[in-house]
K.L.:
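Shown below is the structure under consideration.
First the proteins, then the strands, lettered A, B, ... as listed; each starts at 1. Values below: every heavy atom of this structure, side chains too, minus hydrogens, waters and symmetry copies. Worth saying up front: this structure is predicted, and the values here are computed from it rather than measured.
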Amino acid sequence: MVAAETGLDLAWEGSSARLRLPARLELPAVGEAWRHLLPQLDRAKALVIEAKSLTSLDTAGAVLLLRLERAAPTEWQGLAEGPAKAMLERCRAALEGVKPPAPDNPLPPIAALGRSVVEAVRGLFTRIGFLGEVVVTFLGQLRRPGRFRFGELLRHLDEAGLRAFGLTILLGTLIGIILAFQSSIPMRQFGAEIFIPNLVGISLLRELGPLMAGIILAGRTGSAYAAELGTMVVNEEVDALGIIGISPLGWLVLPRLVAAIMVMPVLALLMDLTGLIGMAVVMASLGFTPIAVIHQLQTAVQLGDLAGGLFKAAAFGGAIGFVGCRAGLAAGRGPRAVGDAATSAVVAGIVAIVVLDGIFAILFFRLGW
Amino acid sequence: MAAESVIQVEDLKAAFGGRTIFENVSFEVKRGEIFVILGGSGSGKSTLLKHMIGLYRASAGKVVILGQEVGAVEGAARRALLRRIGVMWQSGALFGSLDLLGNVMVPLEEHSDLPEDARREVAQVKLGLVGLGDAARRLPAEISGGMAKRAGIARAMALDPPILFLDEPSAGLDPITSAGLDRLIKQLAKEMGTTFVVVTHELQSILAIGDRCIMLDKAAKGVIATGDPRRLREESTHPTVRAFFRREAMEE
C-alpha cells in the first residue's frame, strides 16, 4: 500500500512488512505517515526498511523511523553512510538513556486539604514574623533618622497620593450623589429629606470615606508595591541589596509603608469632602439651600466622627502597604510570580481593611466614641 | 560548495531616537556557513541580529532572507519565512509556564501536523541533542542559565530550520558545555546544511566555529573588519581588531 502524499511505500509478505523510504523524509510528510503507518505496523512481526534512495532526513523523519523500529524487529537495507544516517544515529543517541518522566501523583483530597491548612498557618506565622521585622527596622531607623530615604518617600507620596486625587474626587462625588439620591426616595415618604445630610455625613465620615479610599489604595498602590518588589525579587535585586549590607526592609518597605500611612487620611478626607459636595448637589435639586445643608451637617456630625474616620484610614493604609510589600517580597520565581503577588496584594489588602474596620467598629463602640 | 547566498544585508542603518548605532552595514551570508557577528559590548551586535529577524525596523537599507525582504513580507509569506528561521535568544526567553519539553513543542504545534506523541518525541530528541534529555520536565524557573540557553537552542531547532540565529550562545557557559555546543553547531552546519548567524564575543568560540565574520565597532558605527576570523587574527592591521583578538586593553 502506498501512502501517496508521503512517498512511503509499505508492502506485506505474510506478517512481515517491507517499507521503502522516499528520497526525502521530512517534517511535512511525517505527520501523515505517523498516523497511517504506525497503527498498521502493530501486527507486524518483522520490518524491513529499505533506505537505498533516502538522501535527506530531518529530525522529525528520524524520530518516525526510530518509532517504527520500536514497533517491530527491524532490519535496515541500503542505509548508506551520509547525512541521513548521521542524523538517524544522532537522534538515536539523543533518545538513549532517557527515562520516561514519572507522572505526577496528585495528593488524595484529605492530604491536599491538610497541606493547604499547614501552608496557611505557616503563611500566617511568616506574616507575623515579617510584621515584627518591619517594626524592629522602623525602631532602628528612629535612632538613625538620617538613613531614612526621604526622596523615596516623596516619590511614593506623589504616586500613591497626588496621582490618585482625580480618581478619588470622581468616586467621592459619585458616591455622595448616589447615597443622597438613594436615601432621598424612602426619606421622602416621611417628609424627612432634611435628614439626608445626617445619614450621608455620618456614613461617609465614619465608614465609606476610609473604606473607599482604602479600596482605591489597594487597587492602585498595593498592587504596584507587590509588582515592583516582586520584580526586584525575581531579578535578585533584593538579594543584592542584602549583600551590599542594606536592609531591604529599611530601603524598600519603610518608605512605601510610611507613604501609604500618610496618604490614606488625605485620600479619605478628600473622599469625605467631595462626597458631601455631591450630597449637597442632590440636596439642592430637592430644594434645600447649601446653608441649610451645612447647618444640618453641623448638628449631626461631630469632629470625632471625622477624626475617627481619618485615624481608621491611616490604619488601613498601613495594612495595605504592609500586605502589598509582603506579597512582593514573598514572590516566587518565574513569570507568574509577579502577577500572583499583585493579585494577592489586592485581595489580601481589601480583606485586611474590612477585617480591621470590624475591629475598629467594636473598639469605638466599647470606647463610647 | 556552490555557495549561494541566503541572507543579504544591504546598507543597513539602525538608529534610535536620533542616535545612530551603526550604518552602511552590508554583507551576505552563504548557505551552510557559520557566520559570526562580533564586536565589543554596545557595538550593536544584538541590534543587528534583531534587525535581521525583522524585530526592529531598519532606519535605512534592507535585509533579505531566502529572497524575501524581512521588513516587507506579510501574511502567509511571513509565516513561511518565520517557519524557516529559528532564533535562540540571549537569555533563553523560554515560556515560564511550560516545562522544557512543552517549550520545544510550541513551534511544532504551530507549524506542523504531527500528532501529540510524535511532537513529544521530536522535542525529546532536540533536548537530547543539547544534553537536556533528563531535564525535559523541569520548568524554566528551576534550571540554570546555561541550561536555559541550551533549551533555547533546542526550541530554535525544533523545526529543523535552514537558518538559525544564535544570540550569545556560549556566553555564561562553562568551557566544556560551550565546546559541546560549538561541536553541535559545526555538525549541524556540515550535515544538515544549516546556516548559522551567531552573535558572540567569545574568542574561542569564534575561532572554533566561525567560517566568516564581521566585526562591528561602537566608535566606527559600523563594520570594521570582514573575513575569516583566523586570518583576521593573524593579518588584520586595524588596532581594534588586533586588540580584540589578542585580548589586549585598548590604548585610550
K.L.:
Which residue in the set B/Leu159, B/Asp160, B/Leu108 passes side-chain contact (heavy atoms from CB on, under 4.5 Å) when paired with A/Thr59?
P.N.:
B/Asp160
K.L.:
How about CZ on A/Phe125, more than 12 heavy atoms from neighbouring residues, nucleotides or ligands closer than 6.0 Å, or not?
P.N.:
no
K.L.:
Tell me, for B/Arg138 versus chain A, whether the close heavy atoms (under 4.5 Å) come from the side chain, the backbone, both or neither.
P.N.:
neither
K.L.:
Please flag which part of B/Lys190 lies under 4.5 Å from any non-hydrogen atom of chain A: side chain, backbone, both or neither.
P.N.:
neither
K.L.:
Should we count CZ of B/Arg78 as having more than 12 external heavy atoms under 6.0 Å?
P.N.:
no
K.L.:
Verify the neighbour count for atom CZ of B/Arg230: are there more than 12 heavy atoms of other residues, nucleotides or ligands below 6.0 Å?
P.N.:
yes
K.L.:
Determine the minimum heavy-atom distance between B/Val125 and A/Cys91, stating which atoms define it.
P.N.:
CG1-SG, 3.5 Å
K.L.:
For chain A, which candidate among B/Leu139, B/Leu127, B/Asp117 shows the most heavy-atom pairs at distances under 4.5 Å?
P.N.:
B/Asp117
K.L.:
Counting only heavy atoms not in A/Arg90, do more than 12 fall under 6.0 Å of its CZ?
P.N.:
yes
K.L.:
Any chance NZ of A/Lys85 has more than 12 other-residue heavy atoms, nucleotides or ligands included, within less than 6.0 Å?
P.N.:
yes
K.L.:
Around atom CZ of A/Arg35, are there more than 12 heavy atoms of other residues, nucleotides or ligands at under 6.0 Å?
P.N.:
yes
K.L.:
Pull out the residues in residues 45-58 of chain A that come under 4.5 Å of chain B, heavy atom to heavy atom, sorted by number.
P.N.:
A/Leu57, A/Asp58
K.L.:
Could you tell me which portion of B/Pro115 (side chain, backbone, both or neither) has an atom closer than 4.5 angstrom to a non-hydrogen atom of chain A?
P.N.:
both
K.L.:
Check the surroundings of atom CZ in B/Arg84: do more than 12 heavy atoms from other residues, nucleotides or ligands lie under 6.0 Å from it?
P.N.:
no
K.L.:
Run through B/Val122, B/Asp113, B/Leu114 and flag the one making a side-chain contact (heavy atoms from CB on, under 4.5 Å) with A/Leu27.
P.N.:
B/Leu114
K.L.:
Is the number of heavy atoms from other residues, nucleotides or ligands under 6.0 Å of B/Glu109 CD greater than 12?
P.N.:
yes
K.L.:
Using heavy-atom distances under 4.5 Å, tell me whether B/Ala118 contacts chain A through its side chain, its backbone, both, or neither.
P.N.:
both
